[in-house]
Amino acid sequence: ERNYSWFSSSDFYSSLGLEDFPSVGDISGTDEDTESAILYGTLRGSVVGLRYYTGIVNNNEMVALQREPSNPYDKNAVRVNNVNGDQVGHIKKELAAALAGIMDSKLAVVEGVVPYGAKNVFTMPVQMSFWGREENREAVLDQLKKHGFKLAPPPKGNRFGSKWISGRAGPSYSAPVHAAVQLTTEQLKSEFDKLFEDLKEDDKTCEMEGAETVGTLLLPHQKQALAWMVSRENSNDLPPFWEERSNFYYNILTNFAEEKRPENVRGGILADDMGLGKTLTTIALILTNFQDGKPLPVERITNDKFCTTSIQSVEKKYSDDGPRATLIVCPLSVLSSWIDQFEQHIHQDFHVNIYVYYGSDRSKDPSVLSEQDIVLTTYNILATDYGMRGDSPLHRVKWLRIVLDEGHTIRNPNAQQTKAALNLEGHRRWVLTGTPIQNSVKDLWSLISFLKLKPFTDREWWHRTIQRPVTMGTAGGLGRLQSLVRSITLRRTKTSKVKGKPVLELPERKVLIQHVTLTEEERQVYQSMKKEGKAAISRFFSEGTVLAHYADILGVLLRLRQLCCHPHLCVNTSSSFSADNKTPEELHETLVNKMKLVLSSGSDEECAVCLESLTVPVITRCVHVFCKPCIFEVIRSEQPNAKCPLCRNELRVEHLVECPLEEEIDSSNGKKSDQEWMSSSKINALMHALIELRRDSPNAKCLVVSQFTTFLSLIENPLKESGFAFTRLDGSMAQKKRVEAIQCFQSSQAGSPTVMLLSLKAGGVGLNLTAASRVFLMDPAWNPAAEDQCFDRCHRLGQKHDVVITKFIVKDSVEENMMKIQNKKRELAAGAFATKKPSASEVKQTKINEIKALIDL
DNA sequence: ACCGCCGGGTGCC
DNA sequence: ACCGCCGGGTGCC
């Protein structure tokens with residue numbers, strides 16, 4: 001799945017050519033510039049002092065070079081470590097003097113391989129490779145020259161042919177006879193798809209029944225998944241890329257060897273498509289495989305003749321003090337779905353202890369957690385607890401098993417959630433995700449690291465052995481990635497087959513576009529707003545201040561989109577585009593309004609610093625929105641003259657404004673019902689369709705979806721008038737109310753609601769609304785992926801009918817233009833994988849063209 | 001001999 | 001380290 005949003009700050013950020021401001025991309029100092037690094041050349045040096053250290057190395061083994069500025073004998077010292085992190089020696093001091101400056105200023109990354117690593121007593125040679133950005137090459141060569149060193153040019157055919165430079169440590173192969181050809185985008189893409197293709201075959205087709213305590217019959221593909229997961233937890237196979245040699249174990253990527261058998265990953269990635277039952281399979285795993293393939297011992301509930309229920313206690317443990325509890329971490333949006341599914345799938349005769357570690361009353365006592373069978377929590381709680389160092393109960397428990405649901409949540413290695421997840425303790429580690437490799441190999445690292453797959457927990461080894469070979473197209477790189485992924489991942493798509501039959505027989509899904517024509521009056525209002533907005537945006541273009549007025553432009557587009565739905569949505573027409581001399585109070589209010597605008601415009605804003613969705617948004621005086629912790633860190637690290645990462649304007653903590661509200665953001669802040677209710681063309685079109693539907697199939701249920709919750713409110717009126725029983729689900733509702741709404745709607749009882757008013761982003765992926773077989777999408781989303789996700793809430797396992805989706809699109813409006821760009825984005829996304837970033841000017845031009853196209857400029 | 005040469009002591013950063 | 005380097009002992013043929 002891809003993020004299609006074209007108004008994302010990260011695009012702006014690259015469009016401005018600011019990638020190399022360390023304060024932006026490199027907050028923690030760990031981010032490597034991997035995409036644009038080139039090999040400057042190589043240099044032979046020596047490692048000395050071997051006899052003082054225990055780290056040993058093999059011939060051609062990769063080594064890590066690590067600065068050691070606190071060394072009391074030489075502040076230029078550079079340590080040499082083996083893959084395991086054990087020190088082998090130091091770089092000889094003259095060479096270290098040359099390297100220190102280069103490494104400290106991050107002008108280049110220096111990597112080593114020891115060609116004759118074995119059996120040295122005092123010193124050994126080391127072959128060093130220098131990697132960096134093109135523009136730093138001269139500086140690096142100069143620095144080396146000053147100390148009397150000169151790089152040998154990269155060996156011939158370095159980009160694709162010779163393996164030892166970037167990929168596997170050795171031995172050095174002769175250059176191939178034929179020139180290497182770079183894979184095209186399409187080829188690369190299809191290579192990538194192949195990563196998962198063979199997963200369906202080989203040894204993953206064994207089936208296994210769930211334990212007696214699993215109350216639901218598993219489908220064949222779920223039994224396969226269960227068998228695979230159980231075997232992953234119990235097997236003693238070597239992890240990928242390790243071989244057993246006479247009396248030691250050998251890693252064929254790094255040439256590292258050790259006597260201790262490397263632990264296999266007792267887990268992996270379950271990457272089935274949404275709707276195939278990852279949750280159920282995981283529940284089955286927990287119940288079925290406690291120790292040595294024996295089921296989780298739980299209490300049996302018995303009813304005696306007096307109809308009183310008692311719980312028959314059982315011997316709780318097979319062995320004395322092993323860990324018992326499974327921890328499940330998921331996004332808040334699917335927490336209740338987990339609880340539901342436990343209720344649904346655990347056999348009613350058994351009692352399983354489930355503790356939901358959420359809310360302010362959560363127990364701070366680790367032993368309360370470790371006594372459970374299952375502990376459920378969210379990524380936010382996990383990260384918050386981890387933040388208060390040392391006192392996180394979750395991190396003090398040794399878990400039997402850790403499951404990360406929606407595992408792509410941890411794809412950013414610098415995010416607190418990721419760090420918190422990586423530091424959980426437990427041998428069996430699982431990641432559930434529908435999107436294992438989004439559009440880059442980079443995203444995979446956090447997952448692999450979480451799984452504790454040696455030696456990839458250290459980013460350097462991941463980068464040198466997998467990521468760089470793949471992105472540079474080095475021979476064998478993709479194959480290596482493929483065998484890695486294959487060995488730890490199970491993935492089936494909705495179209496995968498089991499024994500010749502589709503794994504899921506989903507009914508058809510049709511998308512219809514229903515054009516709507518505005519009435520004369522509506523058209524007038526729309527045109528005048530469009531004229532006003534167009535004039536303003538034209539002015540921004542001619543002034544060259546498009547970026548500075550980003551929020552205003554989004555605002556114009558938002559108002560036009562609202563007018564397509566209903567005139568009452570667009571009431572805050574404070575068309576105050578220029579207002580410089582304001583009181584602080586006015587300024588504050590303006591900023592808050594603009595931030596709300598950006599957040600509510602559905603443009604899927606990301607924080608330009610962490611590139612994640614905005615969690616605690618703050619707005620700068622220059623009207624750019626970031627996560628609070630991110631922008632604070634920028635200010636801290638750049639003080640005293642911090643600049644906005646997006647526009648380089650002055651940045652000050654005291655100028656930042658936080659988002660004040662807790663309730664759902666909806667900029668159409670409807671001046672509640674003080675206006676008389678009236679209909680609109682879109683509402684008419686919807687009601688017409690609903691009444692027709694009721695006439696033809698009275699039992700059919702449908703979702704009415706909009707991004708504007710006030711629009712949903714306006715729709716309630718005619719629904720009541722026409723006698724529809726309906727319910728509603730939006731982001732502002734409390735958890736309990738949501739659950740009620742969903743249960744009520746899913747019920748098949750006579751008189752249960754046939755219509756659900758649904759806000760586009762309510763719920764999240766776990767939301768199951770299969771009772772509906774019709775969807776009416778009232779307004780197009782910026783991001784077509786968000787639409788698809790919404791459709792999948794009813795077009796999923798359990799859907800009995802064909803699903804028909806109707807998108808209402810106003811003729812000759814911004815909505816039509818949005819659709820055009822959506823289609824273009826879809827096409828682009830389908831073909832684009834791991835391509836070179838388009839140049840800054842290209843991105844900028846595209847964006848400008850899109851703004852123009854949206855408002856017919 | 002303010003040299004050469006010898007041979008013992010010694011050894012990362 | 002079966003090296004280099006240091007510094008003390010030593011000194012025609």
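Predicted, not measured: the structure shown is a model, and the values here were computed from it. Lettering follows sequence order; numbering is per chain, from 1.
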Nearest whole angstrom, please: distance from the [atom2] of [N] to the [atom1] of [X].
| X | N | atom1 | atom2 | value |
| --- | --- | --- | --- | --- |
| Tyr52(A) | dT10(B) | OH | P | 12 Å |
| Lys75(A) | dC12(B) | NZ | C1' | 17 Å |
| His90(A) | dC13(B) | NE2 | C1' | 5 Å |
| Leu50(A) | dA1(C) | CG | P | 13 Å |
| Glu94(A) | dC12(B) | CD | P | 13 Å |
| Glu68(A) | dC13(B) | CD | C1' | 7 Å |
| Asn76(A) | dC13(B) | CG | P | 12 Å |
| Met124(A) | dG11(B) | CE | P | 20 Å |

Pairs under 3.5 Å (N/O, protein and nucleotides 3-5 of chain C):
none

Going by purine N1 to pyrimidine N3 plus the second Watson-Crick contact, or the G-U wobble pair, all under 3.5 Å, which nucleotide sits opposite dC3(C)? dG11(B)
Considering every strand and a 4.0 Å limit on heavy-atom distances, what is the contact class for Asn71(A): base, sugar-phosphate, or nothing? base
Base, sugar-phosphate alone, or nothing: which one does Arg79(A) contact when heavy atoms must sit under 4.0 Å apart? nothing
Pairwise [atom1] distance for [N] and [M], with rounding to whole Å:
| N | M | atom1 | answer |
| --- | --- | --- | --- |
| dC5(C) | dA1(C) | C1' | 12 Å |
| dC12(C) | dC3(B) | C1' | 15 Å |
| dG9(B) | dC13(B) | P | 23 Å |

Using only modelled atom types and a 3.5 angstrom limit, is any donor from either the side chain of Tyr53(A) or the base of dC12(B) paired with an acceptor on the other? yes
Would you check if there is a donor-acceptor pair between the side chains of Asn236(A) and Arg266(A) at a distance under 3.5 Å?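 Side chains of Arg266(A) and Asn236(A): pair found under 3.5 Å.
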Within the 3.5 Å criterion, strictly below it, is a donor on His655(A) or Glu650(A) matched to an acceptor on the partner's side chain?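 The criterion, which ignores hydrogens and geometry beyond distance, is not satisfied for Glu650(A) and His655(A).
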Nearest-neighbour nucleotide for the Phe122(A) side chain, dA1(C), dC13(B), dC12(B) considered: dA1(C)
Please evaluate residues Glu111(A) and Arg468(A) with respect to the criterion salt bridge (charged side-chain N to carboxylate O under 4.0 Å, His left out), reporting the C-alpha separation (whole Å), side-chain torsions for both, the decisive distance (0.1 Å), and the verdict. CA-CA 13 Å; Glu111(A) 298 178 349; Arg468(A) 184 190 294 142; 2.8 Å; yes
is_close_aromatic(Tyr52(A), His90(A)), centroid dist under 6.0 Å: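 Here the rings of His90(A) and Tyr52(A) have centres that are no less than 6.0 Å from each other.
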Are Arg429(A) and Phe450(A) in a cation-pi contact, defined as NZ or CZ under 6.0 Å from the six-membered ring centre and within 45° of the axis? yes
Under a 4.5 Å cut-off applied to non-hydrogen side-chain atoms, are Trp131(A) and Val110(A) in contact?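 The answer is no; the side chains never approach within 4.5 Å.
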Side-chain N or O of Lys93(A) less than 4.0 angstrom from OP1 or OP2 on dC13(B)? yes
Going by the angle between their ring planes, with limits at 30° and 60°, are Phe456(A) and Phe241(A) parallel, tilted or perpendicular?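 Perpendicular.
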